[in-house]
Participant: 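Below is one structure. I have some questions about it.
Numbered from 1 within each chain, the chains take letters A, B, ... in sequence-line order. Note: hydrogens, waters and symmetry copies are ignored here, and every other heavy atom, side chains too, is used.
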2 protein chains.
Amino acid sequence: MNRSNTGANLPALRNHNAALVLDLLRAAGEEGISRLELAERTGLTPQAVSKITGRLRDEGTATEAGRRASTGGKPRTVLKLVPSAAHAIGLHLDRDELSAVLVDLAGTLVGARTVPLDLGAEPARVVEAAAAEAEALTGGRRVLGVGVAMPGPLDHDSGVLHRVTGFPHWSGFPLRDALAERLGQKVFLDKDTNAAALGLALRADTRAESFAYLHLGSGLGAGLVLGGALHRGARTGAGEFGHQTILLGGPACGCGGRGCIEALCLASVARGDIAAAARFLGVGAANLVGLLDIDAVLLGGRKVAADEETFVRGVNAVVEERALRGGAPAIPVRAAAGGPHSVAEGAAQLVLVPVFGRANVAYP
Amino acid sequence: MNRSNTGANLPALRNHNAALVLDLLRAAGEEGISRLELAERTGLTPQAVSKITGRLRDEGTATEAGRRASTGGKPRTVLKLVPSAAHAIGLHLDRDELSAVLVDLAGTLVGARTVPLDLGAEPARVVEAAAAEAEALTGGRRVLGVGVAMPGPLDHDSGVLHRVTGFPHWSGFPLRDALAERLGQKVFLDKDTNAAALGLALRADTRAESFAYLHLGSGLGAGLVLGGALHRGARTGAGEFGHQTILLGGPACGCGGRGCIEALCLASVARGDIAAAARFLGVGAANLVGLLDIDAVLLGGRKVAADEETFVRGVNAVVEERALRGGAPAIPVRAAAGGPHSVAEGAAQLVLVPVFGRANVAYP
DNA sequence: TCCACTTAAGCAACGCTGTTGCCAAAGTGC
DNA sequence: GCACTTTGGCAACAGCGTTGCTTAAGTGGA
């Protein structure tokens, strides 16, 4: 259940409704949305919407932008988000590269920087490098916070890293708090696959409330969006997809197990048999779709990008066959959209999520 | 993200806070809880808690029950839920049996009836039989609604059945609305595995925010509780666990696939090799634990009950080994508690969930 | 051109929420 | 017996969305 455990008072109620309206304004994009439509969609009275949008306009977060055609009376006024009213920074710390982006309230990329990074260096030096990139992008703008995405495992709630694969000295380092203190900004930390999935969840072209993002690069991982929200699990460990067993007693995997999807996929890719890799991935995807009843499967990662069509076709074939067998409707399998900074952009969305009321709790 | 899509006003805020307090009162059980502790746990001010509990006492839902020892000042007054203030009915429609229970606000079993049922009969007759059982249990008490659990597939949101396996004439029947009209009560419909999981989620001895309930009977299914709420998926299809592939190219399953957990498990059970069945179940459980990062795995169903210890031990061994391999803490694997009416009791909880604010949306 | 009608949106008064400031009640312990 | 601590209710209050009404801004027929 996606629920709040804390009591609510008038300011909380006000934030809740304002976030709801802002989320609709964001979804409306350039087209805008009228006050009455906001009222219908939120269930609030038109008068309440007028008050809320009035406050947003006073803040500078929303603005009037034209009118619709009349339907026999006074035409509706169109309201739009003012994306430049605030910004967020997203950082993607990868093994050998640091990607930093600045996005506006609408999530649009405003600036980006990429520099080499040695994740094996001392934590303090990495923090300093990350902070420098963030500051270089800020440029006097109103920045709400900084989102950081990196390879797991880590703990989203406490902002502490665990044993980052290959870099044992990161274990237990409180990256979120260290960066927050250095920058004087709110900082949010999450796994790279989660950030990527969040970024996809908020793209206008991904209209799915629930989906799985499967990332096949040097490893295989997943980001899960369930009911519009990231599912992180109890210890930010959710999305461990690569080491699902699909072939008992199968070939050995680096993890110590046998018949893991990752091992089967990567071996097939290494052999050049992309169709076989896609089928293995499809079996895991079909398991996942059946278990969670999601709306879509999105594929990404370097290995997928190298032969998108074969992967999409192969995964789709397995998922579709399994759905038909179970009498369920088939769900779409697509390649994930997104450019070279998609993970960093998703990280920036970690900052924007609470602004638009899409946090795991309805009341902050 | 577990979030509300609708606007909130003062009555909604009041309901939200009252439900929060009621939930804490329920969790406190016979021991009770003081006003100040309620204030700490909810984040509300003591005065707000006094007002809310005052209203609950006026309604008859809560009552004062003794005091704690003094800590140097006026001793705290203990408040308790009055379980008999309202009741809920739960119905479990199984293939050959109808189990009906009456539970109080605390979820305690107050009455139960079991009669034979032919799920293959005409829907109208089944509705009538269900309604008669519900009425026989009511007995002039204040009943908040009726929860119905039955084998899927079905749609929880619309309350309509799909092609119930083996009973094609149920397809498309609006069971929820038919029963609601016949009884003049609110009715909630869900899958049997979901009801069982919900019942477990609300038992005092299951202290897990997120867990999977794996049910091995004539088939194999799962109920998922994530972050304290049932995860039903987009079409109430979540929990399709039996037909997860764990052995590519394995033995054929009745579903048309190969190497499904269900087929492997049931074949082992039929051979009398319970340890092997447990290992197969364990592989599926380990996949699930890794994917969702849950806190516990609970096992139930007739086949499990026949040799609980072997199943728990076998599943635990696989789950534990996988967790250690991934560097994650091991999570408990246990047999699900619950008596002969546990599914019907969980169905009754479908009615109580909104009362205690544990619905999927924070604001109803 | 005018006027009746429709639709949009703000103003003002209102009921009700949790909060704040204060005080009475009910204990402990020197 | 008195000072102190802690609980918990009373009363006044700020602020939320709602309600009732008015004004603004269009359409379309006479």
Participant: Does a side-chain N or O of Arg67(A) approach OP1 or OP2 of dA8(C) to a distance below 4.0 Å, or not?
Facilitator: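 Checking dA8(C) against Arg67(A), no side-chain N or O comes under 4.0 Å of OP1 or OP2.
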
Participant: Which whole-number value in Å describes the distance from Leu20(A) CG to dG17(D) P?
Facilitator: 11 Å

Participant: Quick one: Arg14(A) CZ to dA14(D) P, roughly how many Å, whole number?
Facilitator: 15 Å

Participant: Looking at CZ of Arg57(B) and CG of Leu79(B), how far apart are the two atoms once the value is rounded to the nearest 0.5 Å?
Facilitator: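 Between Arg57(B) CZ and Leu79(B) CG, I get 7.0 Å after rounding to 0.5 Å.
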
Participant: Produce a footprint string for nucleotides 4-11 of chain D: one letter per nucleotide, 5' end first; B if the base is under 4.0 Å from any protein heavy atom, S if only the sugar-phosphate is, - if neither.
Facilitator: -BBBSBBB

Participant: Atom CD of Glu37(A) to atom P of dT7(C): distance rounded to whole Å?
Facilitator: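 Interatomic distance, CD of Glu37(A) to P of dT7(C): 17 Å.
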
Participant: Is Arg176(B) reaching over with its side chain to a backbone N or O of Ser158(B), donor-acceptor style, under 3.5 angstrom?
Facilitator: yes

Participant: Measuring from Thr63(A):OG1 to Leu81(A):CG, what's the distance to the nearest 0.5 Å?
Facilitator: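 Result: 10.5 Å between the selected atoms.
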
Participant: Would you please name every residue forming a salt bridge (charged side-chain N to carboxylate O under 4.0 Å, His left out) with Glu30(B), sequence neighbours left out?
Facilitator: Lys80(B)

Participant: List for me each residue that meets salt bridge (charged side-chain N to carboxylate O under 4.0 Å, His left out) alongside Arg41(B), sequence neighbours excluded, and say none if there are none.
Facilitator: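 Counting only residues at least two positions away or on another chain, Arg41(B) forms a salt bridge (charged side-chain N to carboxylate O under 4.0 Å, His left out) with Glu37(B).
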
Participant: For dC16(D) and Asn9(B) - does any side-chain N or O of the residue sit under 4.0 Å from the phosphate oxygens OP1/OP2?
Facilitator: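 False: Asn9(B) side-chain N/O out of range (4.0 Å or more) of dC16(D) OP1/OP2.
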
Participant: Whole angstroms only, please: what is the CG-P distance between Leu13(B) and dG15(D)?
Facilitator: 16 Å

Participant: Looking only at side-chain N and O atoms, does Arg55(A) come under 4.0 Å of OP1 or OP2 in dG17(D)?
Facilitator: yes

Participant: Once you apply a heavy-atom cut-off of 4.0 Å, does Arg68(B) come out as touching a base, just sugar-phosphate, or nothing?
Facilitator: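 Nothing, no nucleic acid heavy atom in range.
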
Participant: Please tell me if Asn17(A) has a side-chain N or O lying less than 4.0 Å from either OP1 or OP2 of dC16(D).
Facilitator: no

Participant: Measure CD1/Ile52(B) against P/dC16(C) and give the value in whole Å, please.
Facilitator: 16 Å

Participant: More than 12 heavy atoms of other residues, nucleotides or ligands under 6.0 Å from CZ of Arg142(B): is that the case?
Facilitator: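 No, CZ of Arg142(B) has 12 or fewer neighbouring heavy atoms, counting only those of other groups under 6.0 Å.
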
